[in-house]
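In this text the structure is predicted, and so the values were computed from the model without any measurement. Here is the naming used below: chain letters follow the sequence lines, and residue numbers restart at 1 for every chain.
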Protein chains: 2
Amino acid sequence: MSLESAFGNLSGYAPLKRVTLKSLAKSLGLTESTVSRALNGYSDINENTVERVRKAALELGYKPNQNARRLATGIAEAVAFVIPQNHSSLAEPFVAQLLQGLDESLARRGWDLLVSHSLSAEDESNTIHRLITSGRVSGVVLSRPFRHDARIDLLQAAKFPFVVHGRSASCDSYAWYDIDNELAFDTAVKHLVDLGHRRIGFIGAPLYFNFAHQRLQGYRSGLKSAGIGYDESLVQIAELTDDAGERAAADLLNTPKPPTAFLCVSDTQAFGVLAAVRARGLVAGSDVSVIGYDGLKTGRHTNPPLTTMSQPLTQSGRELGDMLLAIIDGDDPANHQILKRAKLLVRNSDGPVWTHHQ
Amino acid sequence: MSLESAFGNLSGYAPLKRVTLKSLAKSLGLTESTVSRALNGYSDINENTVERVRKAALELGYKPNQNARRLATGIAEAVAFVIPQNHSSLAEPFVAQLLQGLDESLARRGWDLLVSHSLSAEDESNTIHRLITSGRVSGVVLSRPFRHDARIDLLQAAKFPFVVHGRSASCDSYAWYDIDNELAFDTAVKHLVDLGHRRIGFIGAPLYFNFAHQRLQGYRSGLKSAGIGYDESLVQIAELTDDAGERAAADLLNTPKPPTAFLCVSDTQAFGVLAAVRARGLVAGSDVSVIGYDGLKTGRHTNPPLTTMSQPLTQSGRELGDMLLAIIDGDDPANHQILKRAKLLVRNSDGPVWTHHQ
DNA sequence: GTTGCTTCCGAAAGCGGTTTCGGGATACGA
DNA sequence: TCGTATCCCGAAACCGCTTTCGGAAGCAAC
């Protein structure tokens with residue numbers, strides 16, 4: 001669309017007459033190049049001139065056309081967040097908060113944040129590919145990496161700047177921001193063990209997600225250091241939904257020797273587990289314990305309020321943005337690897353193990 | 001598509017050997033202009049040539065540089081969603097689902113979706129202004145309009161394509177997609193009245209939000225048609241958070257003649273109301289009724305599960321995207337005004353009024 | 001063998017910026 | 001007075017693609 005059609009050159013009010021570099025230059029009696037350099041902080045422009053140009057630009061409301069600028073400089077001044085297509089996760093608050101933090105970081109520099117969302121799993125590589133060849137963005141942020149992630153391989157092969165929220169199995173040479181999932185689940189197990197639990201159910205997620213793998217490892221390591229054997233019949237792999245969590249918990253509850261505690265890889269699943277527990281006539285927090293992961297706000301309002309492990313999402317978005325920016329500026333990605341700890345947020349769904357003799 | 005074909009030459013790492021229109025043309029023995037027109041479906045190119053060009057483009061992995069294309073055509077092939085800055089609402093699932101739908105609609109056309117997030121309230125007009133003058137986007141979608149919304153005025157004055165999720169007080173001449181808020185709350189009141197309630201508390205939002213205004217109107221009209229007088233002492237205006245909802249409900253509960261039911265303009269508030277009710281030792285669904293609005297999934301897991309009114313968010317995002325695209329293509333915005341109905345989603349937080357004589 | 005159409009493609013002028021390069025002023029030392 | 005170094009600014013190429021315009025072929029018709 002042309003600017004004429006966009007702003008309507010016709011009828012009476014002529015809104016928003018676009019002020020371009022050329023018009024600005026002319027009105028100043030200078031050249032485009034001079035004005036451009038003045039605005040971009042080149043040192044070979046007289047201080048007075050710079051001031052004069054700045055003032056005029058402000059008054060006339062000059063905004064450089066981003067497309068032109070990007071074409072000329074070759075830098076897109078935008079990064080893409082590719083939405084994990086699995087399970088329509090954009091709907092998860094998880095993603096929303098991350099976006100918020102990202103945007104904050106980018107906005108400080110005036111960059112754009114665009115979200116990209118692919119339809120199928122293998123389509124995702126295409127999406128990435130299109131992103132990096134189209135010149136639309138100068139960086140990409142990934143989330144929920146797989147254990148072996150083709151998108152990461154693609155990005156690395158192309159030497160395209162990117163950061164990932166989480167990490168894949170081999171993560172030495174790229175930038176990531178992750179929670180120490182193994183530690184988190186290790187300590188969660190420890191917490192439950194301290195409450196007296198020995199039969200701890202685990203509601204996991206498909207293991208091609210690396211975080212699922214890590215958390216399972218943490219679960220096992222926690223068990224191990226407590227001297228408890230790993231019992232495969234206590235672990236369920238479920239989708240990241242409440243319904244799946246509910247089904248998985250129900251299955252575990254129907255077993256002859258059901259667990260006295262449930263550890264879930266996501267709050268959403270844990271919500272379902274809570275439901276299963278209630279359906280069974282049990283009360284979470286006394287009869288059984290359930291612990292989630294994510295620290296969702298709404299966990300405050302479940303029945304009972306969900307004990308969970310929280311990760312600072314908005315802040316992680318900000319940090320991811322800062323990292324990506326630094327890498328685009330030339331930093332070595334390997335120098336940008338951040339490992340944070342999750343915090344155990346005790347609400348009311350956990351408690352000492354229930355025994356017959358009480 | 002393989003890495004090989006994507007990035008051209010082989011051996012070692014050859015990062016991003018970009019195939020440009022020029023290189024493509026040269027390898028075909030044609031001119032840039034010919035190739036460009038062939039790819040863009042111009043009719044003055046021989047059918048065979050078109051085929052040949054298409055094939056080569058695919059093989060060599062040619063992707064047009066979006067910035068160049070945008071500069072040349074003047075159309076940005078991107079639209080912006082401006083995040084309501086109030087209350088950091090991006091974190092709300094609300095926004096996330098809308099984004100999802102929007103992205104789906106735009107992706108069908110290969111357009112970008114970028115999110116823009118301003119820091120302060122008055123900064124928002126600046127954000128809009130920057131958006132429409134920078135040439136980055138060819139359309140804008142707004143949400144949560146104010147009753148009198150400067151952003152809308154700005155957009156209209158600039159004749160810039162936009163759609164809004166919701167509508168302001170005067171909404172004849174632009175495109176919007178809205179739920180019939182008045183109707184929704186009218187029927188919600190009716191529902192409560194049918195359950196025997198006469199003292200219905202209303203937890204509203206600041207009235208500069210038009211939806212807040214509409215819903216209050218609906219509340220009043222429902223009361224009126226039930227022959228119940230409007231009692232100002234039963235309405236509270238609160239922020240759109242759980243804490244605010246909780247405080248508001250607590251205030252109402254502390255009154256000498258507390259309401260027997262609560263109608264909230266958002267689920268998040270209703271979560272808080274539920275907490276206040278519990279804190280008071282009452283049980284929602286029998287002692288008092290509480291009804292939310294939004295249809296959040298997590299409402300299934302509150303204590304008790306929240307009765308609410310749901311609006312189809314993902315779908316509305318899609319429709320908003322389609323509308324915006326149509327308008328950018330030249331449609332008259334006034335022909336794109338969609339009014340949907342909310343559905344009452346009865347879960348367990350409502351019930352017949354409690355009486356002493358039962 | 002002109003004339004007159006089509007059909008198909010090349011030439012070239014942008015789109016609105018950025019950036020390198022060179023040179024005219026001015027200042028300064030000799 | 002004549003370099004010559006320093007400061008500023010203009011000229012021009014370029015980023016990669018789109019689009020208008022004109023014209024070379026090819027073919028039909030007269």
Exercise for review: Can you tell me the distance, in whole Å, between the NZ atom of B/K63 and the C1' atom of D/dC15?
Suggested key: 21 Å

**Study point:** Electrostatic pair A/R108:A/E104 at N-O distance under 4.0 angstrom
**Key:** no

Point to revise | Nucleotide nearest A/T20 when distance is taken to its side chain, options C/dG16, C/dC9, C/dT18 | key: C/dG16

Review point. Base, sugar-phosphate alone, or nothing: which one does A/N40 contact when heavy atoms must sit under 4.0 Å apart?
Key: sugar-phosphate

Point to revise | Any donor-acceptor N/O pair under 3.5 Å between D/dC17 base and B/N67 side chain | key: no

Review point. Contact class for A/D44 (heavy atom, under 4.0 Å): base, sugar-phosphate, or nothing?
Key: base

**Study point:** Shortest side-chain distance from B/T31, nucleotide among C/dC9, D/dG10, D/dC17
**Key:** C/dC9

Study note, to complete from the structure: Here the distance between atom C1' of C/dA11 and atom NZ of B/K22, to the nearest Å, is 15 Å

Practice item. Measure from the side chain of A/T73, starting at C-beta and using heavy atoms only, and say which of D/dC17, D/dC9, C/dT18 lies closest. Key: C/dT18

Review point. Salt bridge or not for A/D112 and A/R70, using N-O below 4.0 Å?
Key: yes

Review point. Please give, in whole Å, the distance from D/dG16 C1' to A/R136 CZ?
Key: 16 Å

**Study point:** Lys/Arg-Asp/Glu bridge criterion (N-O < 4.0 Å) met for A/K55, A/E59
**Key:** yes

**Study point:** Whole-Å gap separating C1' (D/dG16) and CG (B/L71)
**Key:** 9 Å

Study note, to complete from the structure: Against the side chain of B/N65, the closest entry in C/dC9, D/dG16, C/dG17 is D/dG16

**Study point:** side-chain N/O A/N46 vs D/dC8 OP1/OP2, d < 4.0 Å
**Key:** yes

Check your understanding: Can we say A/D329 and A/R109 salt-bridge, meaning some charged N sits less than 4.0 Å from an Asp/Glu carboxylate O?
Key -> yes

Exercise for review: Among the candidates D/dC17, C/dT19, C/dG10, find the nucleotide nearest to the side-chain atoms of B/S33.
Suggested key: C/dG10

Exercise for review: For the side chain of B/R69, starting at C-beta, report the closest nucleotide among D/dT18, C/dC8, C/dG16.
Suggested key: D/dT18

Study note, to complete from the structure: Between CG of B/L39 and P of D/dT19 the distance, given in whole Å, is 13 Å

**Study point:** Of A/A68 and B/E47, the one whose closest DNA chain C nucleotide lies more 5'
**Key:** B/E47

Point to revise | Given D/dC17, C/dC9, D/dG10, the nucleotide with the shortest approach to the side chain of B/E32 | key: D/dC17

Review point. Just to confirm, is there a sub-4.0 Å distance from OP1 or OP2 of C/dT18 to any side-chain nitrogen or oxygen of A/S36?
Key: yes

**Study point:** Salt-bridge present (B/R69, B/E77; N to O < 4.0 Å)
**Key:** yes

Review point. Considering only side-chain heavy atoms of A/Y62, which listed nucleotide, D/dC17, C/dC9, C/dG17, is closest?
Key: C/dG17

Practice item. Please state how far atom CD in B/Q66 lies from atom P in D/dC17, giving the value in whole angstrom units. Key: 10 Å

Review point. Between D/dT20, C/dG17, D/dC17, which nucleotide has the shortest distance from any of its atoms to the side chain of B/R37?
Key: D/dT20

Exercise for review: Would you please confirm or rule out a distance under 4.0 Å between OP1 or OP2 of D/dC9 and any side-chain N or O of A/T49?
Suggested key: yes

Review point. Which nucleotide in the set D/dG16, D/dT19, D/dG10 lies at the smallest distance from any side-chain heavy atom of B/Y42?
Key: D/dT19

**Study point:** Nearest atoms (heavy-atom pairs only) where A/L71 meets B/A68
**Key:** CD1-CB, 3.7 Å

